[in-house]
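Before any comments, here is the structure.
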Amino acid sequence: MHEYTSTARVWGLTCPGFPEEVSRARRWTRDILRGSPLAEDAELIVSELSANAILHTASGRAAGSFHLALAVSSQVVALSVTDGGGAGTAPKVEHQDQEAEHGRGLGMVSAIAHRVVVHDSDGGHTVTAELFADVRRGGHPC
């Protein structure tokens, strides 16, 4: 195979920043990953990241939106949610107690995903969570 050839397939979806769009994002992810053993984890991750975008950034304001990208290859499923900015600080994992109502979502995503990366840009933040198809003990790809 040529070094610049990829077998990954990529999908994108832009959603208005309404709370009911989180269920649309989950359904979209579930439909694309139907039959994959990673589908349930991916659906949960998309749900958390989409909800965070709506709750904590300009994505949830009037005329706000968030964008999802889903890349699938035989080795990895990569899920990205880009928010509308305006949060002031980048998303980060916070260690909350069990009774906290907010602040645990990105920690849960970090526990499920094999890798989580936050990218800053002028227009907002993109959180990408990767799920590896074949993982050995210790979380390393085979």
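Excluded from the calculations below are hydrogen atoms, water molecules and symmetry mates; all remaining heavy atoms, backbone and side chain alike, are included.
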Counting distance only, does the side-chain N/O of H67 pair as donor-acceptor with the main-chain N or O of D83 below 3.5 Å? no
Which heavy atom in C15 sits nearest to a heavy atom in R24, and how many Å separate them? SG-NH1, 4.0 Å
Closest non-hydrogen atoms of G85 and T57, given as atom of the first, atom of the second and distance, are O-CB, 3.3 Å
Report yes if the side chains of L49 and L106 come closer than 4.5 Å at any heavy-atom pair, otherwise no. yes
A side-chain contact here means heavy atoms from C-beta on lying under 4.5 Å apart; do L68 and W11 qualify? no
Quick one: pull up CD in E21 and CG in L13 and give me the separation to the nearest 0.5 Å. 8.0 Å
When hydrophobic residues are tied together by side-chain contacts of less than 4.5 Å, even through go-betweens, does M108 share a cluster with L79? yes
Closest heavy-atom pair and its distance - G84, S59: N-OG, 2.6 Å
Sub-4.5 Å side-chain heavy-atom contact between L33 and L70: yes
Would you name the heavy atoms of F66 and A25 that are closest together and state the gap between them? CE1-CB, 4.5 Å
Close side-chain approach of L131 to I45, heavy-atom, < 4.5 Å: yes
Measuring from atom CD of E48 to atom OG of S50, what distance do you get when rounded to the nearest 0.5 angstrom? 9.5 Å
Would you find a donor on one side and an acceptor on the other, under 3.5 Å apart, between the side chain of T82 and the backbone of T126? no
Common cluster, V46/V118, ILVMFWY with side-chain heavy-atom separation under 4.5 Å: yes
Side-chain donor/acceptor pairs under 3.5 Å, residues 36-43, sequence neighbours excluded:
residue: S36; atom: OG; partner: L38; partner atom: N; Å: 3.0
residue: E43; atom: OE2; partner: R30; partner atom: NH1; Å: 2.6

Closest non-hydrogen contact found for E130 with A78 is CG-CB, 4.2 Å
